[in-house]
Amino acid sequence: MPTDVSRREWFWVTAVAAAIVAASAAPFAAGYLAQTEEWVFTGMLPTVRPDNYTYLAKMWQGYWGSWQYQVPFTTEPHQGAYLVTFYLALGHLARWSGLNFLFLFHAARVVFGLIMLLLIYRFVALFTPAAHTRRLAFLLATTASGLGWLTESIAPTRPGAISPMDFWLLDGYIYLSLLAVPHFCAAISLLLVIFIGLLRRPDGPTAVDGGLAILAGLGLALIHPYMLLVADLLPLLYVGVEMAHARTQRAQRGAGEWRIIWVVLLMGLTQTPVVLYQLWVYRQPVFAEWAAQNLTLSPPPMIFLAGYGALLALAAIGLVRPDRFLKTGPVWRPRLSFAWLWLLLVAVLIYSPTHLQRRFLEGVQIPLGLLAGVGLSVIRGRDGPAGRL
């Protein structure tokens, strides 16, 4: 399958991704440089410091040789479980290598962050033939923020009210995920490996693509199992829409959609034992209490509109395009309906009856940035930003 991502593009995106990762290190470098004999920088950002200390506690258990996690914040005796293996593995690596915990934590953040950024560009390139539009979409997907700075300047948040999400909602923005924790970057990377493997060929995934998607799905089940709802449901929704579209157009469809369906079914089959095991673990008393305090409910819709409003407006502009923006180039491309379905699925999940509502925002800035890049290209009047709607 040919690709139209040139070496020059990869050079550009690698340089920009490295610059973004370097910028994410600036607050930590400033903290270390500002410390004194009386004031010591802990190596964590103040906004996420409590959570990050729990990750270090998990690394300690790996350092002591365990692959089973025990909740260290209780005096209740309990058996360990195969959970949070990402940080247990970092702890094992610390023991084997002799490296400092904080160094490994941030090294993982940098490595997985860089991988995530490169995969975001590859995902965007599936849909957009024009390099300038890809770059716009990539920058919007990775560095754009909300209007919190504006709303706080005009009407500061009252005590007890919800402040703008772009100041605190790590799940909702790619840069905040990169800035905060490595396992977010790893989970988003695995999600993109699945989608790229399923979509990059017009005749569906090959055996290699399918195998990588299955392995990525297993990895995602170990890090963020709730994101399997997006990883598995979204491709099936897309295939259903594609088949319905072909039927209305009386067009003949190839085997590609059925190959996607079979791969997703195999993904679900291999993920099931992991998910069932985790459900069983969280029914045990100590782990049940531990999970019960993990409430991540979604704020009111207006908070999301303020946080994503500018990107949503640009994305809406991309829906109404001149014919010249329908050019797809020599390489087959999936339809932009995949990105819209991603947004719609997340819109449902973030208000679903679970205690993990806003967790489903993970990675959603990617399709939003893609569609906003298309809209911005329409405004600029440049040719060929995306494939078919």
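Values reported hereafter were calculated over all heavy atoms of this structure, with side chains retained and with hydrogens, waters and symmetry mates removed. Quick note: residue numbers are just sequence positions, from 1.
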Would you confirm whether the ring centroid of Trp64 sits within less than 6.0 angstrom of the ring centroid of Trp60?
-> yes

Give me the ring orientation class for Tyr55 and His183: parallel if the planes are under 30° apart, tilted from 30 to 60°, perpendicular past 60°.
-> perpendicular

Hey, can you tell me if Phe41 and Tyr32 have their rings parallel, tilted or perpendicular (30° and 60° cut-offs)?
-> perpendicular

With no hydrogens and no angle check, do the side chains of Arg359 and Thr354 hold a donor and an acceptor under 3.5 Å apart?
-> no

Heavy atoms from other residues, nucleotides or ligands near CH2 of Trp168 exceed 12 (cutoff 6.0 Å) = yes

Check whether more than 12 heavy atoms from other residues, nucleotides or ligands sit under 6.0 Å from atom CZ of Phe73, and answer yes or no.
-> yes

Mutual orientation of the aromatic rings belonging to Trp67 and His92 [parallel < 30°, tilted 30-60°, perpendicular > 60°] = parallel

Test item: Thr128 side-chain N/O and Ala130 main-chain N/O as donor-acceptor pair under 3.5 Å = no

Evaluation steps, side-chain contact (heavy atoms from CB on, under 4.5 Å), between Leu370 and Leu336 = CA-CA 9 Å; Leu370 166 61; Leu336 277 175; 4.0 Å; yes

Out of curiosity, Gln365 CD to Ser145 OG, how far, rounded to the nearest 0.5 Å?
-> 8.0 Å

From the list Glu9, Arg134, Arg135, side chain to side chain donor-acceptor pair (under 3.5 Å) partner of Tyr121 resolves to Glu9

In terms of ring plane angle, is the pair Tyr173 and Tyr308 parallel, tilted or perpendicular, where the classes change at 30° and 60°?
-> tilted

Decide if atom CH2 of Trp39 counts as having more than 12 heavy atoms of other residues, nucleotides or ligands within a radius under 6.0 Å.
-> no

Neighbour count above 12 (heavy atom, 6.0 Å) for Phe103 CZ = no

Answer yes if the side chains of His78 and Gln284 hold a donor-acceptor pair under 3.5 Å, and no otherwise.
-> no

In terms of the angle between their ring planes, are Phe138 and Trp12 parallel, tilted or perpendicular, with boundaries placed at 30° and 60°?
-> perpendicular

Passing candidate, ring pair (Phe, Tyr, Trp, His ring centres under 6.0 Å) with Trp342, options Tyr238, Phe360, Phe195 | Phe195

State which residues pass side chain to side chain contact (heavy atoms under 4.5 Å, CB included) with Ala292; sequence neighbours excluded, sorted by chain then number.
-> none

Just how far is it from atom CG of Leu176 to atom CZ of Phe167, taken to the nearest 0.5 Å?
-> 10.5 Å

Criterion side chain to side chain contact (heavy atoms under 4.5 Å, CB included) against Leu169, the qualifying member of Leu361, Thr296, Ile303 | Leu361

Without hydrogens or angle criteria, can the side chains of Gln357 and Ser352 be said to hold a donor-acceptor pair below 3.5 Å?
-> no

State whether the number of non-hydrogen atoms from other residues, nucleotides or ligands found under 6.0 Å of Gln293 atom CD is greater than 12.
-> yes

Kindly say whether the aromatic ring centers of Phe112 and Phe86 come within a distance under 6.0 Å.
-> yes

